[in-house]
Amino acid sequence: MFNLVGKRYLFLIISLIIIVPGTLSLIFKGLNVGIDFASGSSVQFRPSQDVSSSQTQQIVNMLKELGLKDAQVNIGNDTGTKGNQVAWVQLNTVVDKSVQQSIQTDLDNKYGQGGAIATFDPLQITRNGKTTSTTVVTIVGKTLTFKQSDLELLLSKIPNTTSSTNNSGSILPVATPTQPVSPALTPTATTATATVTPTTTPTTANPAANIPVHFTSVIVGNPHVTGTINILTTTTTTNGNVIRSVQSAFLSEKSAFLSKSGIYLYKMSNSSVSGSVASDTIRNSILAVFAASALILLYVAFAFRKVQKPWRYGICAIIALLHDVLVVLGVFSILGWALNIQIDALFITALLTVVGFSVHDTIVVFDRIRENQQRRSSESFEQVVNASLIQTMSRSLNTSLTVMFTLSALTLFGGESIRTFTFALLIGIFSGTYSSIFNASMLLVIWERGELGLWRFNRDSRTPDGRARRDVRERELARSRG
């Protein structure tokens, strides 16, 4: 039989080697937190062309010129929307609401109600030192793919528009006596109705619509493009104007390092978290971990109440649990500054799951120790623990490996949105399996043998023949039980 317990200090040293680098990184670097913990805004774009991760710093520099302070950029991946399910149409001018309704109605007639949703972004694009006002129409299909020729034919006749821009380039409401003045139209305006037929133009209804409108380019996304540009800023609110300024920058000469003709951006998501919500999230996350630890300690102490000093089992389980938490936090602290990986609220969910799984394995080992103490009454506590570890190791490894194989597949082939969650689980369960076998039980033996104290360095701690007095007492106790 392998003497695992005899190598207990080796296993603890291995744990320290794993924990120390991550703990130092956690102390001096901290965690690369997302807006759930840091407050701020996060927006995700789908570009019309692939963007390399090597261009991240150049994008950050470009965003600084736009006033986005502390902006962080991640080049991600999202296969939920195919590249050719998004199309961009650039118009020669900024258009009013009636033109927008007409274009949406034409799309509804072509692709069905709600089949293709258009958003209209008034942008100011600077090229060759000249700034022009334009409208970029982003068309997204839920289940269909677009063809450039179909869209060009569909938009060959666009009704005239009124003069609907101010100095900032934002859309003004159509000037009618009965309409109240409304704020600038945001990219989320997708509730257009099909009450206007394609043959009806605003020109006959509104004589002021005297500016011709036509498209200058129609671009359908590359079906092989799955990359996303994720922009996080902790000091700027990404409202409609900020988002449009980013889209304008990518189409202007500022983004010449990306593409000579510019890159169109489709806003996939936009979220903001206030400072008070972020602080509440941090506090509740810490309380959740401490509450789970306290309840686990009470439960383990109650479950092993028939064993001498049951609270030792609970404390050893908590120490192993904290080991796993430190491993996960340390790894993600290192990944945060090395690979710019951020954590969000799902990370806390993964951490609590790791806590539960770690204690589950530890209780399995402790329960076998309790059973063997009654069956192997003639053996020392160290021998009982060693036998229990050998008996439960295969079951613990088989259970953990099954879960780790599943998590590995999800981490490699799952979506970008769950990758941090599954990777945290993968690290935590691996660490939990190790700590349950090689840490929790070893700490229990060290505590039982009194090796946490300094008594073993005293001269009277050994018998005249060099044997430890505690070993002698354990053997005498074992013989008395037998």
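Not measured: the values here are computed from a predicted model.
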At their closest point, which heavy atom of [X] faces which heavy atom of [Y], and how far apart are they?
| X | Y | answer |
| --- | --- | --- |
| Leu4 | Met442 | O-CE, 3.6 Å |
| Ile369 | Ser441 | CD1-OG, 4.2 Å |
| Thr228 | Pro47 | CA-CD, 4.2 Å |
| Ser388 | Val384 | OG-O, 2.8 Å |
| Ser15 | Tyr434 | OG-CE2, 3.1 Å |
| Leu397 | Ile437 | CD2-CD1, 4.5 Å |

Contact check, side chains of [X] and [Y], non-hydrogen atoms, under 4.5 Å:
| X | Y | answer |
| --- | --- | --- |
| Trp88 | Ser48 | yes |
| Arg370 | Phe304 | yes |
| Trp447 | Ile315 | yes |
| Leu251 | Val136 | yes |
| Val86 | Phe146 | no |
| Arg449 | Val445 | yes |
| Thr353 | Ile429 | no |
| Leu326 | His323 | no |

Given 3.5 Å as the limit, does a donor-acceptor pair link the side chain of [X] with the main chain of [Y], or not?
| X | Y | answer |
| --- | --- | --- |
| Asp121 | Leu123 | no |
| Ser358 | Val354 | no |
| Asn32 | Trp337 | no |
| Gln247 | Leu265 | yes |
| Tyr266 | Ala87 | no |
| Ser333 | Ser25 | yes |
| Gln104 | Ala116 | yes |
| Ser431 | Ile427 | no |

Inter-residue atom distance [X].[atom1] - [Y].[atom2], 0.5 Å rounding:
| X | Y | atom1 | atom2 | answer |
| --- | --- | --- | --- | --- |
| Ser436 | Met393 | OG | CE | 11.5 Å |
| Ile296 | Ile363 | CD1 | CD1 | 7.5 Å |
| Leu346 | Ile348 | CG | CD1 | 10.0 Å |
| Ile341 | Ile334 | CD1 | CD1 | 11.5 Å |
| Phe430 | Leu401 | CZ | CG | 9.5 Å |
| His360 | Thr399 | NE2 | OG1 | 7.0 Å |

Is the cationic atom of Arg8 (NZ for Lys, CZ for Arg) positioned less than 6.0 Å from the six-membered ring centroid of Phe438 and within 45 degrees of its normal?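 Ring-cation test returns no.
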
Please determine, by modelled atom types, if [X] and [Y] share a side-chain donor-acceptor pair under 3.5 angstrom.
| X | Y | result |
| --- | --- | --- |
| Tyr264 | Gln49 | no |
| Gln57 | Asn61 | yes |
| Gln391 | Asn372 | yes |
| Asn398 | Arg395 | no |

Hey, mind stepping through Gln90 and Ile125 against side chain to side chain contact (heavy atoms under 4.5 Å, CB included) and telling me if it holds? CA-CA 11 Å; Gln90 185 175 340; Ile125 301 175; 3.8 Å; yes

Applying salt bridge (Lys or Arg N to Asp or Glu O under 4.0 Å), name anything that partners Asp50, two or more places apart in sequence or on another chain.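 Expected list: none.
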
Begin with the C-alpha distance, continue with both residues' side-chain angles, and end with the deciding distance and a verdict on side chain to side chain contact (heavy atoms under 4.5 Å, CB included) for Ile139 and Ile117. CA-CA 6 Å; Ile139 306 174; Ile117 303 298; over 6 Å; no

What salt bridge (Lys or Arg N to Asp or Glu O under 4.0 Å) pairs are there with at least one residue in residues 419-447, not counting sequence neighbours?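 Listed by first then second residue: Glu416-Arg419.
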
Applying side chain to side chain contact (heavy atoms under 4.5 Å, CB included), run through Val73 and Leu63 and close with a yes or a no. CA-CA 9 Å; Val73 176; Leu63 295 176; 3.7 Å; yes

Tell me, please, which residues at least two apart from Phe347 pass ring pair (Phe, Tyr, Trp, His ring centres under 6.0 Å).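 Phe347 satisfies ring pair (Phe, Tyr, Trp, His ring centres under 6.0 Å) with Phe332 once adjacent residues are dropped.
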
Go through Leu426 and Met404 one step at a time and tell me if the side chain to side chain contact (heavy atoms under 4.5 Å, CB included) criterion holds. CA-CA 6 Å; Leu426 182 62; Met404 284 191 285; 3.9 Å; yes

